[in-house]
> 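Okay, handing you the structure first.
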Amino acid sequence: MKIGYPCINRTIGCTADRTFRLKSYSESRLIETVENNLDCLLQILEFNVKYNIFFFRITSDLVPFASHPINRFDWINHFQNLFENVGSFIHKHNIRISMHPDQFIVINSPDEGIWERSRAELVYHTQVLDALELDSTARIQLHVGGVYGNKPASMERFALRFSQLPASVQSRLVIENDDRLFTVADCLNVSTITGIPVLFDTFHHSVNNSGETVEQAIALCAETWTMKDGLPMVDYSSQAPGERKGNHAESLDPDHYSTFLKNTQSIDFDIMLEIKDKEASALKAVSLSKSDIRFLN
DNA sequence: TCACGTCAAGCAGAT
DNA sequence: ATCTGCTTGACGTGA
């Protein structure tokens with residue numbers, strides 16, 4: 001079991017997701033920003049290793065406008081050395097990496113334009129992981145997408161579109177249950193058709209499920225991950241006390257977390273803490289997990 | 001230096 | 001018809 005947090009470190013004072021406005025686009029601005037972002041990414045990973053955090057989600061904003069038509073710069077070759085440098089650090093310390101394209105990436109949209117842009121953005125995410133020379137355990141997590149008034153048809157369209165993606169992208173994708181539309185059961189159905197592993201999100205499951213317990217759901221998801229996919233990835237968070245249903249907690253709830261570990265102890269996985277205070281909660285989790293046999297492995 | 005309107009992109013439910 | 005939450009910040013203009 002590895003413990004991780006997404007994208008941002010609030011302790012070390014740099015950001016790996018610096019960007020700028022489309023109107024301000026220039027090649028020099030892009031180069032300057034990506035240099036900063038890659039440099040900061042390495043700093044974050046160094047911080048993580050120092051504190052026994054070996055799972056990390058790389059921000060989608062690492063290369064701003066990477067899949068936008070305005071960007072015709074060959075950033076992969078230009079930054080090849082920097083990517084390899086970060087990648088070798090990841091290898092050396094056996095860090096697990098994920099990425100999570102944001103809500104605009106919807107491959108099952110009936111709108112061809114949205115599909116085209118989504119495909120381009122997935123290619124970009126794949127290019128980042130490939131430039132880092134990461135193996136097939138480094139994954140891109142995606143939701144199934146929209147329902148458009150017909151869930152079975154939308155799931156079938158997802159499978160069709162998946163089959164039309166480049167093989168390099170296909171081998172990186174995993175699908176995640178969401179909080180409103182596609183449950184674990186839906187994702188498992190899509191997985192049966194496509195072979196895509198299912199990433200279990202605990203919080204989404206708590207607000208959108210088909211009656212399975214967490215233990216049942218996580219076991220079913222785990223079965224969709226093969227050796228080459230690596231350990232199953234799990235997104236973990238809990239309800240913010242007193243806030244609107246669905247809001248992520250500000251900080252790790254030690255009791256909730258310990259109970260979750262106990263309830264899932266028969267399965268090993270890597271856990272991504274989607275909690276607002278980022279690395280602070282990861283540090284708490286590392287300390288709480290030290291008595292867990294999976295963490296010691 | 002600071003305040004604050006806005007930022008590439010989508011969906012679905014609420015108002 | 002328009003706004004809001006997803007992830008929440010931070011860019012950058014105007015004063």
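Lettering follows sequence order; numbering is per chain, from 1.
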> Do the numbers put Arg117(A) on top of the ring of Trp115(A), so that NZ or CZ is under 6.0 Å from the six-membered ring centre and no more than 45° off the axis?
no
> Separation of Asp179(A) atom CG from dT7(C) atom P, in whole Å?
7 Å
> Heavy atom of residues 3-19 of chain A under 4.0 Å from DNA chain C: which residues?
Arg10(A), Thr15(A), Arg18(A), Thr19(A)
> Distance to the ring centre below 6.0 angstrom and angle to the axis at most 45 degrees; does that hold for Lys151(A) and Phe182(A)?
yes
> Could you summarise the pairing of DNA chain B as dot-bracket text, marking Watson-Crick and G-U pairs under 3.5 Å with ( ) or [ ] inside the strand and | across strands?
|||||||..||||||
> Please identify each residue that fulfils side-chain hydrogen bond (donor to acceptor under 3.5 Å, both in side chains) with Asn177(A), with sequence neighbours left out.
none
> Going 5' to 3' through nucleotides 6-15 of chain B, assign each nucleotide B (protein heavy atom under 4.0 Å from a base atom), S (under 4.0 Å only from sugar-phosphate atoms) or - (no protein heavy atom that close).
BBBBBBB---
> Should the ring pair Phe65(A) and Tyr25(A) be called parallel, tilted or perpendicular, given that the plane angle runs from 0 to 90° and is split at 30 and 60?
perpendicular
> Restricting to non-hydrogen atoms, name the atom on His91(A) and the atom on Glu133(A) that form the minimum distance, rounded to 0.1 Å.
NE2-O, 2.8 Å
> What are the two closest heavy atoms between Ser24(A) and Arg29(A), and how far apart are they?
CB-NH1, 3.8 Å
> Rounding to an integer number of angstrom, what distance separates dT7(C) and dC3(C) when you compare their P atoms?
23 Å
> Which part of the nucleic acid, if any, lies within reach of Arg57(A) when heavy atoms closer than 4.0 Å are counted: base, sugar-phosphate only, or nothing?
nothing
> Let me spell it out: for each of Asp277(A) and Ser24(A), pick the nucleotide of DNA chain C with the closest heavy atom. Which residue's pick is nearer the 5' end?
Asp277(A)
> Shortest non-hydrogen contact from Ile53(A) to Gly4(A)?
CG2-CA, 4.1 Å
> Whole angstrom is fine here: how far is it from CG in Asn37(A) over to P in dA10(C)?
12 Å
> Do the rings of Phe260(A) and Tyr236(A) sit parallel, tilted or perpendicular, given the 30° and 60° boundaries?
tilted
> How close or far is atom C1' of dT7(C) from atom CG of Asp235(A), stated in whole angstroms?
12 Å
> Measuring only the C1' atom in each nucleotide, how far is dC4(B) from dT8(C)? A whole number of Å is fine.
16 Å
> When Ile, Leu, Val, Met, Phe, Trp and Tyr are grouped by side-chain heavy atoms lying under 4.5 Å apart, directly or through other members, which residues fall in the same group as Trp225(A)?
Phe55(A), Val174(A), Leu199(A), Met233(A), Met272(A)
> In whole angstrom, give me the gap between the P atoms of dA8(B) and dA1(C).
26 Å
> Nearest whole Å is fine: how far is dT7(C) C1' from Met99(A) CE?
14 Å
> Would you call the rings of Phe83(A) and Trp75(A) parallel, tilted or perpendicular if under 30° counts as parallel and over 60° as perpendicular?
tilted
> Going by the side chain to side chain donor-acceptor pair (under 3.5 Å) test, which pairs reach into residues 187-203 of chain A, not counting sequence neighbours?
Asp201(A)-His204(A)
